[in-house]
A.B. asks: 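Sharing a structure here in structure tokens format.
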Number of protein chains: 2
Amino acid sequence: MFFSKTFGYAVRATAFVALYSENESRVGLREISEALDIPHHFLGKIMQDLVRHGVLESMKGPHGGFSVNERTADIKLSEILQITDGTLALETCAIGVRKCNPDRPCLVHNDLAAFKAVMVRSLSTRTIHELTIQLKEGKSFLF
Amino acid sequence: MFFSKTFGYAVRATAFVALYSENESRVGLREISEALDIPHHFLGKIMQDLVRHGVLESMKGPHGGFSVNERTADIKLSEILQITDGTLALETCAIGVRKCNPDRPCLVHNDLAAFKAVMVRSLSTRTIHELTIQLKEGKSFLF
DNA sequence: AGAAAAAAAGAGTTGAATCTCTTTATTTCT
DNA sequence: AGAAATAAAGAGATTCAACTCTTTTTTTCT
Ligand code: FES
Ligand code: FES
């Protein structure tokens, strides 16, 4: 796939926290990892990273856990991808060793080009807020 | 990416042989690997696999190398994918741990669905013959 | 027959992503 | 103050694709 597993884990966990940490309550790592079926130590590292980058807040100790901050709702998928993967894996040609180059399309380039545009746009447009709405309306699912 | 590097190598090498092995002449492993910039020992394994599955023919010894057979021109990209990757990596959800399921779309499912259909169709439709035509017409490139 | 050329086969290395285990630091509650 | 809960940090294990190196087999040519 063009996303790492880490990215999927990060997006789902962030959306999960956004859904369940309203009114000051926090969501524990264990709770997230069990609900979303993600190895919890591994998720721990990812959460640290998200907190470090200001996507979420965390608190240690009893009743500790993860919660949203002012920015969370407006975080775009592309920001999370930047944190987890560094870059979108669609820059290199799907079947080549070189960079994808529209002036020198490979055998599957044209099948990919339109999709790539859709995906880039989607990632840089959709926010956590938008995702939670979809989830609440039952239009998409976290697990 | 959703294709392995091996798949890209296999498709490009097969197309290369189809282009340059006409009228009984064979193409050597070294020649292919140098032209397409593929590690030659690694390509050797891939070629063996293609020969074993009847995609190409090979001959050892001086003037040995790889050549097409009756089937080669009609081989579909999906057949090569089957040999190299076993299956298309679009079956599992792009951000989940589970299988992709249209009845339970994840947060990016809809962005992917249309593309997936295009790609599956393209893979199961396009043949080596078609690729060589595109290459000859300068409409696509191998490297 | 013997040498050389080439693919085939076998076995090992590497690096990155993913996952696991253990220890530490921080916070809360009694 | 001390115990318990919880995230953070460190360090290591596992896995797999990708790659490399060496040896064997087959074929051709002199
Ligand atoms: S994907 Fe191959 S050139 Fe663009
Ligand atoms: S890609 Fe996630 S459910 Fe289809």
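Quick note on labels: first sequence line is chain A, next is B, and so on, each numbered from 1.
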A.B. asks: Test side chain to side chain contact (heavy atoms under 4.5 Å, CB included) on A:Leu135 and A:Ser140; report intermediate values, then the result.
C.D. replies: CA-CA 5 Å; A:Leu135 291 167; A:Ser140 64; 3.9 Å; yes
A.B. asks: So which one's nearest nucleotide on DNA chain C is more toward 5', A:Pro39 or B:Val27?
C.D. replies: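 Comparing both residues, the 5'-ward one is B:Val27.
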A.B. asks: If I take atom CE in residue A:Met47 and atom C1' in nucleotide D:dA7, what distance separates them, rounded to the nearest angstrom?
C.D. replies: 10 Å
A.B. asks: May I ask you to verify if any side-chain N or O of B:Ser58 is less than 4.0 angstrom from the OP1 or OP2 atom of C:dA6?
C.D. replies: no
A.B. asks: Using whole Å, what does the distance between atom P of nucleotide D:dT20 and atom CD1 of B:Ile38 come to?
C.D. replies: 12 Å
A.B. asks: Mind checking if A:Arg26 touches a base, just sugar-phosphate, or nothing, with heavy atoms under 4.0 Å?
C.D. replies: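 Here A:Arg26 touches no strand at all.
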A.B. asks: Starting at atom CG of B:Asp49, determine the distance to atom P of D:dA17, rounded to an integer number of angstrom.
C.D. replies: 13 Å
A.B. asks: Between B:Tyr9 and D:dA18, is there a side-chain N or O to OP1/OP2 distance below 4.0 Å?
C.D. replies: no
A.B. asks: Could you work out, with salt bridge (Lys or Arg N to Asp or Glu O under 4.0 Å) as the rule, every residue matching B:Arg52, not counting sequence neighbours?
C.D. replies: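 B:Arg52 satisfies salt bridge (Lys or Arg N to Asp or Glu O under 4.0 Å) with B:Asp49 once adjacent residues are dropped.
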A.B. asks: Measure from CZ on A:Phe66 to P on D:dT6 and round the result to the nearest Å.
C.D. replies: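 Nearest whole value for this atom pair: 12 Å.
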A.B. asks: A:Lys5 side chain N/O closer than 4.0 Å to the phosphate oxygens (OP1, OP2) of C:dC19?
C.D. replies: yes
A.B. asks: With the criterion being N/O to N/O and under 3.5 Å, what pairs connect the protein with nucleotides 23-30 of chain C, and how long is each?
C.D. replies:
residue: C:dT26; atom: O4'; partner: A:Lys60; partner atom: NZ; Å: 3.4

A.B. asks: To the closest 0.5 Å, what do you measure between CZ (B:Phe2) and CE (B:Met119)?
C.D. replies: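 Reported value, rounded in 0.5 Å steps: 5.0 Å.
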A.B. asks: Rounded to the nearest Å, what distance is computed from the CD1 atom of residue B:Ile46 to the C1' atom of nucleotide D:dT20?
C.D. replies: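 Between C1' of D:dT20 and CD1 of B:Ile46: 14 Å.
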A.B. asks: With sequence neighbours left out, write down each residue that passes side-chain hydrogen bond (donor to acceptor under 3.5 Å, both in side chains) with B:Ser4, or none if nothing qualifies.
C.D. replies: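 Applying side-chain hydrogen bond (donor to acceptor under 3.5 Å, both in side chains) to B:Ser4 gives B:Asp85.
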A.B. asks: Considering only residues two or more places apart or on different chains, which pairs with a residue in residues 55-80 of chain B satisfy salt bridge (Lys or Arg N to Asp or Glu O under 4.0 Å)?
C.D. replies: B:Arg71-B:Glu79
A.B. asks: Under the side-chain hydrogen bond (donor to acceptor under 3.5 Å, both in side chains) rule, collect the residues that match up with A:Asp37, sequence neighbours excluded.
C.D. replies: none
A.B. asks: Given D:dA7, is OP1 or OP2 found less than 4.0 Å from the side-chain N or O atoms of A:Arg52?
C.D. replies: no
A.B. asks: Starting at atom CG of A:Leu43, determine the distance to atom C1' of C:dA17, rounded to an integer number of angstrom.
C.D. replies: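 Atom CG in A:Leu43 sits about 16 Å away from atom C1' in C:dA17.
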A.B. asks: Strictly below 4.0 Å: does A:Thr6 bring a side-chain N or O up to OP1 or OP2 of C:dT18?
C.D. replies: yes
A.B. asks: Which whole-number value in Å describes the distance from B:Asp37 CG to D:dC19 P?
C.D. replies: 10 Å
A.B. asks: Quick one: which residue pairs count as a salt bridge (Lys or Arg N to Asp or Glu O under 4.0 Å) with a foot in residues 91-105 of chain A, not counting sequence neighbours?
C.D. replies: none
A.B. asks: Tell me which of B:Phe42 and A:Gln48 sits closer to the 5' end of DNA chain D, going by the nucleotide each one is nearest to.
C.D. replies: A:Gln48
A.B. asks: Send over the distance from A:Lys45 NZ to D:dA8 P, rounded to a whole Å.
C.D. replies: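 Distance, rounded to whole Å: 11 Å.
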